Chemist: 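Could you have a look at this structure, given as structure tokens, before my questions?
Note on naming: letters A, B, ... go to the chains in the order of the sequence lines (proteins, then strands), and numbering restarts at 1 for each one. Values below: all heavy atoms of this structure, side chains included; hydrogens, waters and symmetry mates excluded. If you're wondering where the values come from, they're calculated on a predicted model, not measured in any experiment.
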Amino acid sequence: MSPIELTIWQTIGAFFTIAIFSFLYKDNPLYKIAESIVVGVAAGYFTVLLFWTSLKPKFWDQIITHRDGVLVIDKWWYIIPGILGLLMYFHFSSKFAWISRYPLCLYIGIGSGIAIPLSLQTFVLRQVEATMLPVSLYPLEAQSINNLLIVLMVVAALIYFFFSMEHKGVVGKTATFGIWVIMVGFGASFGYTVMARVSLLIGRIQFLLVDWLHWVK
Amino acid sequence: MKRRIPMLIVSITGILMTIQYFIPHPWSEAMYNNALDWLVIIGIFAMPLGIYSMIRIQVLKIQRRSRGWGYAVISLISLFAMLGLGYTQECLESGTFFMKIFEFIYIPIQATMFSLLAFYIASAAYRAFRARNILATIVLAGAIIVMLGRIPIGEAISPFLPDLAAWIMTVPNMAAQRAIMIGLGLGAASTAMKIVLGIERSYMGME
Amino acid sequence: MMNTPESTHLPLADRLLTIDRRFIYLFVMLAAVIPFMFKVELDVEVTPEVMSVYSFIDKLKPGTPILLAADYDPQTQAENGPQAEALLRHMFKNNLRVIIMTLSQDGAAMAEMLSTSISAEYNKIRGEDYVYLGYKPYFGIIILSIGQNFRISYPADFYDTPLDEIPMMKNIHNYSDLACVIQIGGGNVTHAWLTNAHERYKVPLAIAVTAVSGPQYYATLQSGQIFGLIGGLKGAAEYETLLRDEYRRLGIIARAIQGMNVQNFVHILIILLTLVGNAAFFVKKRQGGR
């Protein structure tokens, strides 16, 4: 791309950036136009992408292939999942919507079957296992104290989520400690969320000042 | 036909896939490979559902002359312009006109829309982030320490701040996230089990 | 934009609490723009979680295949973009063979631009030094299918070259042929990489996520399910710090490090806003207000 062409395209980008920023002052047609363009461009891009990089190589080219310059029907049975995929469109028919349940249920069944052992393994067993930490009192080191704290905090936070028992007495006090731990976690998450949002703004200011205006090198 | 067979499909495929995880026999491997292969294709065909739905909504807006129907026209023009420009596979490569639209129109709009959140979160922090009680104060203190400890200036304010922020992340935050994660794992596994056993049927529009 | 005439007669605490939100927006904008006027070389402290990703990649022998899943889109480009660039530069600098893919639909274009531009910096040849596989829908299924064979989901790369005809992919079939997977993104896709790739196929996994997603993955870092974690723009700045000489050699702006100065200003502003808001709130409360 020539420098002039790049500048023109960047100016278009800067125009749309400012159009979106204008919403901060108040809602306006420029913002709405940009918003509408995004909806159309996103859908258009995705359709083109899906056609050329998924439908063609994974479906069409598998069924009809070139062999020694001749078109040959290869994996004909791929038509079956293709038809199953098309059945999903019955979702829009009030009379035949039930047909779309067949492919949907195939997806849900396989997805659920895979999720049962993997969810338990990833998010429960491995997490419990990792909480079983060594605590040595002699010599007492920072890592040992942290390990002990981790065990206590995880147990307390879990007790807070355990509603089958009334939060009274020892259970109540532990649950209170648990909610404090969770709140520290939420505070950290909020701090990180601020970081993330600010980073997104930095990205746009960099585009305007560094890439477009070249004010900053 | 309308309910039992779909539920049977869910149960049979669900049980087979769970068993497959524990028994990696060549037969179950072959079945697993074929299932994945088919699902990829079903997924490819099902994906345009969203696009079809989007077009339907925009067309209805125009037909009914709903408020702001002109914007629906812009959306449809943008859509068909992209479809027209994407007539070859090469259009998806860097430097084409199709990709320039993506790079210099789509990315700036999308990225800027999300960057507005920086302003909103600042406003929310000013208006709503109050130390009303002990729990809110803990959240507030945790957030401020992390915000200061994770930026270069935090080190200049106090060399202790980055260490404290790191401790918060790796001990209390880690413990809280782990408890949430265990809950999430149990929830996901039990929901999946309920689906496979036919107890949970809301995905079919049934109670 | 201005306060109403009545509000100017209100006590200070009330006036502060009823300030037009657009003043706050203006402060944020100024805090984001002004730091760019000063060129400050900041020292970014490198955390152990970022260092472990760097060390892992640095120790790999040239020619080792590695998978880079660039699952991010324009919304999070400001955070994930610098992470992806730094990681890919490091991989190309060490002459690793990189398989790039994405499971985000908008990420297809982002990852294409990323692989094309960074490979050009290092004169890397497509098909020999790197492969770009592109996007396929339904990430959970795709991640699982790669565990069996790349060719199930990706019979061809993004440019329609069959995988069997790509020299680099000759002996690469699934995760067991890779040194590790580095995933860039956040949210559900990262969860799916954890469960469907790491737990199911035991492939070493490191993640580079948005700061919003960052805190939740400390649990998986401590459990050893991921060997490294790069969180947000700060994480990217840490990685750029480790590659500072490389960025200087290439004459490229280390964008994440540049952004850290702004991050300083805006964080301080938000903390001040929070404190002022709280002070006004408590003053008003003491005066008998709500």
Side-chain angles (χ1 to χ4, degrees), chain A residues 21 24-26 38 42 45-46 49-50 52-54 56-59 61-62 107 110-111 114-115 117-119 121-123 125-131 133 150 154 185-211 215-217, chain C residues 1 22 25 28-29 32-33 36-37 39 75-79 81 105-106 108-109 134-138 140-141 144 153-156 158 160 162 191 194-196 198-200 210-216 219-220 222-225 231-234 236 253 255-256 258-259 262-263 266-267 270:
Chain A
F21 275 142
L24 289 169
Y25 185 72
K26 68 180 208 189
V38 134
Y45 175 79
F46 185 47
L49 176 78
L50 204 67
W52 290 117
T53 67
S54 290
K56 184 182 169 286
K58 183 63 197 163
F59 181 72
D61 290 351
Q62 300 298 314
Y107 242 103
I110 294 174
I114 290 168
L118 286 178
S119 291
Q121 171 85 2
T122 314
F123 301 120
L125 300 178
R126 289 289 302 272
Q127 300 305 318
V128 172
E129 187 189 334
T131 313
L133 293 163
I150 286 171
V154 172
F186 285 170
S189 293
F190 183 83
Y192 263 64
T193 305
V194 170
M195 267 172 73
R197 303 309 182 221
V198 173
S199 304
L200 302 182
L201 177 61
I202 291 169
R204 298 324 299 153
I205 304 294
Q206 274 177 330
F207 172 71
L208 291 175
L209 300 186
V210 182
D211 301 335
W215 274 5
V216 188
K217 298 276 176 197
Chain C
M1 189 80 184
R22 284 171 291 192
Y25 298 164
V28 174
M29 188 56 103
V33 171
F36 277 101
M37 308 298 158
K39 198 173 180 184
Q75 290 98 306
T76 60
Q77 188 210 14
E79 287 183 279
Q105 58 191 60
D106 290 343
Y135 163 83
K136 288 285 182 294
Y138 290 92
I141 299 296
L144 285 171
S153 301
Y154 292 99
F158 187 74
D160 209 24
H191 266 50
L194 258 173
T195 54
N196 297 3
H198 174 73
E199 287 302 334
R200 184 76 163 84
T210 57
V212 174
S213 302
Q216 63 179 304
T220 55
Q222 189 268 346
S223 64
Q225 289 164 296
L233 194 68
K234 166 70 169 39
I253 301 170
R255 293 176 86 94
Q258 188 186 51
V262 184
Q263 201 97 37
V266 184
H267 277 209
I270 292 177

Chemist: Highest number of heavy-atom pairs under 4.5 Å with chain C: which of Thr193(A), Leu49(A), Leu50(A)?
Modeler: Leu49(A)
Chemist: I want to check something: taking the side chain as every heavy atom from C-beta on, are Phe21(A) and Leu208(A) in contact at a cut-off of under 4.5 Å?
Modeler: yes
Chemist: Under 4.5 Å heavy-atom distance to chain C, tell me which part of Phe207(A) shows up: side chain, backbone, both or neither.
Modeler: backbone
Chemist: Could you give the distance from CG (Leu125(A)) to OG (Ser223(C)), rounded to the nearest 0.5 Å?
Modeler: 12.0 Å
Chemist: Hey, does the side chain of Tyr192(A) reach the backbone of Gly231(C) with a donor-acceptor pair shorter than 3.5 angstrom?
Modeler: no
Chemist: So do Arg200(C) and Thr195(C) actually touch side chain to side chain, heavy atoms under 4.5 Å?
Modeler: no
Chemist: Check each atom of Leu24(A) against the heavy atoms of chain C and say whether the ones under 4.5 Å are side chain, backbone, both or neither.
Modeler: both
Chemist: Supply the atom-to-atom distance Leu118(A) CG to Phe123(A) CZ, rounded to the nearest 0.5 angstrom.
Modeler: 9.5 Å
Chemist: Between Tyr154(C) and chain A, with a heavy-atom cut-off of 4.5 Å, which part of the residue counts as in contact: side chain, backbone, both or neither?
Modeler: neither
Chemist: Non-hydrogen atoms of chain C under 4.5 Å away: do they reach the side chain of Ile114(A), the backbone, both or neither?
Modeler: side chain
Chemist: What residue in Gln263(C), Met29(C), Lys136(C) has the most heavy-atom pairs under 4.5 Å with chain A?
Modeler: Gln263(C)
Chemist: Supply the atom-to-atom distance Leu200(A) CG to Thr210(C) OG1, rounded to the nearest 0.5 angstrom.
Modeler: 8.5 Å
Chemist: Side chains of Thr53(A) and Lys58(A): closer than 4.5 Å at any heavy-atom pair?
Modeler: no
Chemist: Who among Gly111(A), Pro117(A), Ala196(A), Ser119(A) has the most heavy-atom pairs with chain C under 4.5 Å?
Modeler: Ala196(A)
Chemist: Chain A heavy atoms under 4.5 Å from Tyr25(C): which part of the residue, side chain, backbone, both or neither?
Modeler: side chain
Chemist: Relative to chain C, which of Lys26(A), Gln121(A), Arg204(A) shows the most heavy atom pairs under 4.5 Å?
Modeler: Gln121(A)
Chemist: Against chain C, label Gln206(A) side chain, backbone, both or neither, depending on which of its atoms sit under 4.5 Å from a heavy atom there.
Modeler: both
Chemist: Between Ala236(C) and chain A, which part of the residue has a heavy atom less than 4.5 Å away: side chain, backbone, both or neither?
Modeler: neither
Chemist: Answer with side chain, backbone, both or neither: which region of Gln62(A) has an atom nearer than 4.5 Å to a non-hydrogen atom of chain C?
Modeler: side chain
Chemist: Below 4.5 Å from any heavy atom of chain A, which atoms of Gln216(C) appear? Answer side chain, backbone, both or neither.
Modeler: neither
Chemist: Sort Ser153(C) into side chain, backbone, both or neither according to what part of it lies under 4.5 angstrom from a heavy atom of chain A.
Modeler: backbone
Chemist: Hey, which of Ala156(C), Gly214(C), Gly134(C), Ala219(C) has the most heavy atom pairs under 4.5 Å with chain A?
Modeler: Ala219(C)
Chemist: For chain C, which candidate among Gly191(A), Ala42(A), Ala130(A), Ser199(A) shows the most heavy-atom pairs at distances under 4.5 Å?
Modeler: Ser199(A)
Chemist: Heavy atoms, side chains only, cut-off 4.5 Å: are Gln222(C) and Thr131(A) in contact?
Modeler: no
Chemist: Contact part of Leu209(A) toward chain C, heavy-atom cut-off under 4.5 Å: side chain, backbone, both or neither?
Modeler: side chain
Chemist: Could you tell me which non-hydrogen atom of Ala78(C) sits nearest to which non-hydrogen atom of Leu233(C), and how far apart they are?
Modeler: O-CD1, 3.3 Å
Chemist: About how many Å separate CH2 of Trp215(A) and CD1 of Ile205(A), when rounded to the nearest 0.5 Å?
Modeler: 11.0 Å
Chemist: Gln77(C), His191(C), Met37(C): which one forms the most heavy-atom pairs within less than 4.5 Å of chain A?
Modeler: His191(C)
Chemist: Out of curiosity, Glu199(C) CD to Thr122(A) OG1, how far, rounded to the nearest 0.5 Å?
Modeler: 4.0 Å
